Amino acid sequence: MSAETLLQLVNAFAAGRIRVVDLTQTLSPDFPQIVLPPEMGQCWPFRIEEVSRYDERGPAWYWNNFSCGEHTGTHFDAPIHWISGKDLPNNSTDTIPVENFIAAACVIDCSQESAADPDFLLTVDFIRDWEKRHGPIPRRSWVLMRTDWSKRTDPIAFQNFDETGQHTPGPDADAVKFLVNDRDVLGFGSEAIGTDAGQAYHLRPPYPCHYYMHGAGRYGLQCLANLDLLPPTGSVIICPPLKIKQGSGSPLRVLGLVPGG
Amino acid sequence: MTAPLLRPKRKNPVLRTRLPTLPPAIRSRVALGLTAAAARGSFELQVCRDCATVQYPPREACCACLSDRLDWRVQNGAGELISETLLRHSQELFFRERVPWRLGMVRLDCGPTVIAYLHGDCPAAPARMRIRACLDRAGQAVLVALPEKETPNMADDRQLREMTCDPKFRKVLVTDGKTAAGQAVVEAVAAAGADLIWVGHAEPWKKLPGFDRLKAIPQVALLPLDVTNSRSVKEIAGEIGGRVDILINTADHHRNFGIASRHGVETARAEMETNYLALLRLAQEFAPAMRARGADGQSSAVAWVNLLSIFALSNFPPHGTYSASKAAALSLAQCLRAEMRASGVRVVNVFPGPIDDEWNQQLLPPKLAPAALAAAIVKALQDGIEDVYPGDVAQEWLARWRDNPKALERELAAGAG
Ligand SMILES: [Zn+2]
């Protein structure tokens with residue numbers, strides 16, 4: 001690897017041979033947050049309070065204070081987030097090796113299946129079928145589950161609750177084990193509020209994506225957007241979370257690098 | 001007989017909106033005893049402990065024996081109208097805009113003779129009356145003589161309406177319609193004849209029981225108001241703030257923890273966010289327009305209602321952080337009341353005991369039914385009451401707190417809620 005390679009990379013951006021796709025939802029108080037039973041501790045939604053706006057509080061400047069949880073908006077999950085990953089080395093946002101924040105991505109298109117069934121579960125068979133068309137998932141790459149869920153701009157449709165809870169797609173337990181054990185992926189990303197399906201509490205184990213991914217020191221990305229703009233293979237994801245000491249996750253900007261014209 | 005109130009015509013937009021004027025507000029400290037009782041909807045006069053004389057107006061000493069051992073005691077207000085007069089001219093701006101104004105002298109059965117505003121349905125003297133102490137727009141107690149028996153449309157009397165905050169034909173904002181109390185308030189205000197009821201509907205993806213019922217009420221308009229979100233409060237105030245006549249803040253975050261029973265501050269902070277800071281947000285965004293509309297015709301801006309808790313008076317340790325957030329809200333509500341005073345818009349604080357909802361599941365009855373709470377709020381608006389203690393538990397706690405706040409603190413600490 002030489003300085004020339006980096007120069008070529010920069011030139012490729014400038015010339016549009018690499019396109020940059022924003023995979024991030026806008027941080028806004030209107031974006032819904034994860035819902036837990038009300039007696040439990042709650043993740044804060046995004047909130048923003050004006051400090052000054054060219055007024056008596058600060059005559060020449062505008063700025064805000066904001067507050068949110070580590071798992072608000074488009075966000076990164078570190079292994080320490082789950083009890084299965086609590087004792088792993090380098091398991092929090094401040095200690096994860098930074099080279100892991102830039103990696104290749106495979107995008108598995110489940111958008112039709114998710115439109116037909118909001119409780120759609122990604123299975124090993126579905127992944128193997130995808131691999132028949134696009135080749136095996138390379139080790140240490142991200143697997144992103146495209147569901148087009150991010151296109152549900154109405155928060156009611158995005159959250160999709162009924163009296164039995166939330167109905168959003170995600171992977172089943174075997175699929176997660178397959179990705180970790182047989183494909184050695186870096187992490188799993190989704191468009192809905194969690195990497196796990198809305199009804200994943202009823203899977204075995206509950207929340208298998210959190211349980212197995214983080215138990216194996218892998219990462220999560222959720223509330224991603226624009227996955228339909230990524231090719232099935234060949235893109236690169238840049239996703240460094242905030243360097244929060246002992247952080248379990250962080251809102252972040254996720255960029256996808258895509259081969260351009 | 002009082003003519004029934006009619007739906008007001010739409011406002012003529014080329015005319016200047018009148019500014020609020022207030023009746024004379026100066027009272028001696030001792031006279032504020034009358035106001036303190038009227039704020040709770042009670043008519044109290046000083047009674048001498050030594051000679052049992054009931055006196056009016058309030059004084060430092062007994063008018064019969066000069067004793068200073070005077071107690072404020074509830075009076076039933078029954079008396080006889082002995083004369084009346086009609087005020088036709090006044091140097092006070094408030095009365096100048098409202099003359100003629102009917103006044104009368106009433107000899108109370110308990111002794112003193114008082115000057116009172118005379119309801120339009122009161123017959124000519126001599127006639128039996130009942131005297132009520134009402135808060136006027138300046139927030140001070142005045143005495144109002146009412147006919148002995150109810151008359152049709154009695155609440156619609158022109159002079160009486162200067163004391164009350166009737167929701168009839170008014171536009172009401174209920175800040176949170178998702179709680180059981182919020183839903184009951186919406187239904188009660190609709191039944192009381194409100195013209196339009198905006199209902200805050202935060203986190204619309206959370207479907208809560210009973211909420212769909214509200215959509216069937218014709219006056220109801222749902223709004224995406226989230227009182228924990230400053231931008232939402234600002235946007236909604238920009239949209240409707242200039243038309244809200246009565247704001248009822250039902251937003252409430254209630255968890256059942258003391259200090260030792262919950263790690264960390266997340267839950268306490270959420271309580272402060274909804275119970276305290278949301279009131280501040282709402283007040284900053286909605287109060288200015290309401291203040292400007294304190295004299296905006298028949299359906300002027302007239303009241304701001306805060307749903308507090310009897311736990312605001314003294315901490316209920318099993319719900320300790322909730323109590324603290326309600327105490328903070330009470331303090332801020334006093335600030336709001338002071339800032340609203342010049343506009344005549346009344347700040348009504350409601351102090352219910354435990355409401356019969358999921359967060360008080362483990363408390364023994366009696367618990368206040370949401371519908372009873374809502375009825376108390378509407379009645380307070382109709383009667384012009386400022387401090388509302390609905391239900392037996394609230395009344396009992398209030399009595400214990402007024403008698404001896406330290407004793408109540410000790411009793412609550414010992415678990416004798
Ligand atoms: Zn005496």
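The basis for the numbers below is simple: all heavy atoms, side chains too, and nothing from hydrogens, waters or symmetry mates. Note on naming: letters A, B, ... go to the chains in the order of the sequence lines (proteins, then strands), and numbering restarts at 1 for each one. This one's a predicted model, so the numbers in the text were calculated from it and none came from an experiment.
- Summarising the local packing, OH of A:Tyr211 is surrounded by 12 or fewer heavy atoms from other residues, nucleotides or ligands at distances under 6.0 Å.
- Environment of NZ in A:Lys243: sparse, with no more than 12 heavy atoms of neighbouring residues, nucleotides or ligands closer than 6.0 Å.
- For the residue pair B:Glu203 / A:Gln159, no side-chain donor-acceptor distance below 3.5 Å is found, with atom types taken as modelled.
- Here the closest heavy-atom approach between residue B:Arg262 and residue A:Glu39 is recorded as NH2-O, 3.1 Å.
- The number of heavy atoms from other shown groups lying within 6.0 Å of CD1 (B:Ile259) does not exceed 12.
- For B:Arg337, the CZ atom is densely surrounded, since the number of other residues' heavy atoms within 6.0 Å is greater than 12.
- Contacts of A:Glu50 with chain B are absent, with no heavy-atom separation under 4.5 Å from either backbone or side chain.
- Surrounding CD1 of A:Ile83 are at most 12 heavy atoms belonging to other residues, nucleotides or ligands under 6.0 Å away.
- With contacts defined as side-chain heavy-atom distances shorter than 4.5 Å, the pair A:Val35/B:Trp205 qualifies.
- Residue contact with chain A, scored on non-hydrogen atoms closer than 4.5 Å, involves the side chain of B:Asp226 exclusively.
- For CZ of A:Arg253, the number of neighbouring non-hydrogen atoms (other residues, nucleotides, ligands) closer than 6.0 Å is 12 at most.
- Checked options B:Lys206, B:Arg255, B:Glu358, B:His253; the residue passing with A:Pro38 is B:Arg255 (criterion: side-chain contact (heavy atoms from CB on, under 4.5 Å)).
- To the nearest 0.5 Å, the span separating SG on A:Cys43 from CD on B:Glu266 amounts to 9.0 Å.
- The environment of A:Arg152 atom CZ is dense: over 12 non-hydrogen atoms of other residues, nucleotides or ligands sit within 6.0 angstrom.
- Contact between B:Lys207 and A:Phe161 at its shortest, heavy atoms only, is NZ-O, 3.6 Å.
- The line from CG of A:Asp30 to CG of B:Asn229 is 6.0 Å long, rounded to the nearest 0.5 Å.
- Considering B:Lys234, B:Arg281, B:Arg231 in turn, B:Arg281 is the only one that fulfils the salt bridge (charged side-chain N to carboxylate O under 4.0 Å, His left out) rule with A:Glu49.
- Side chains of A:Arg47 and B:Ser230: a donor-acceptor N/O pair is absent below 3.5 angstrom, by distance only.
- The environment of B:His263 atom NE2 is sparse: at most 12 non-hydrogen atoms of other residues, nucleotides or ligands sit within 6.0 angstrom.
- For B:Ser232, no part lies near chain A; criterion is any non-hydrogen pair under 4.5 Å.
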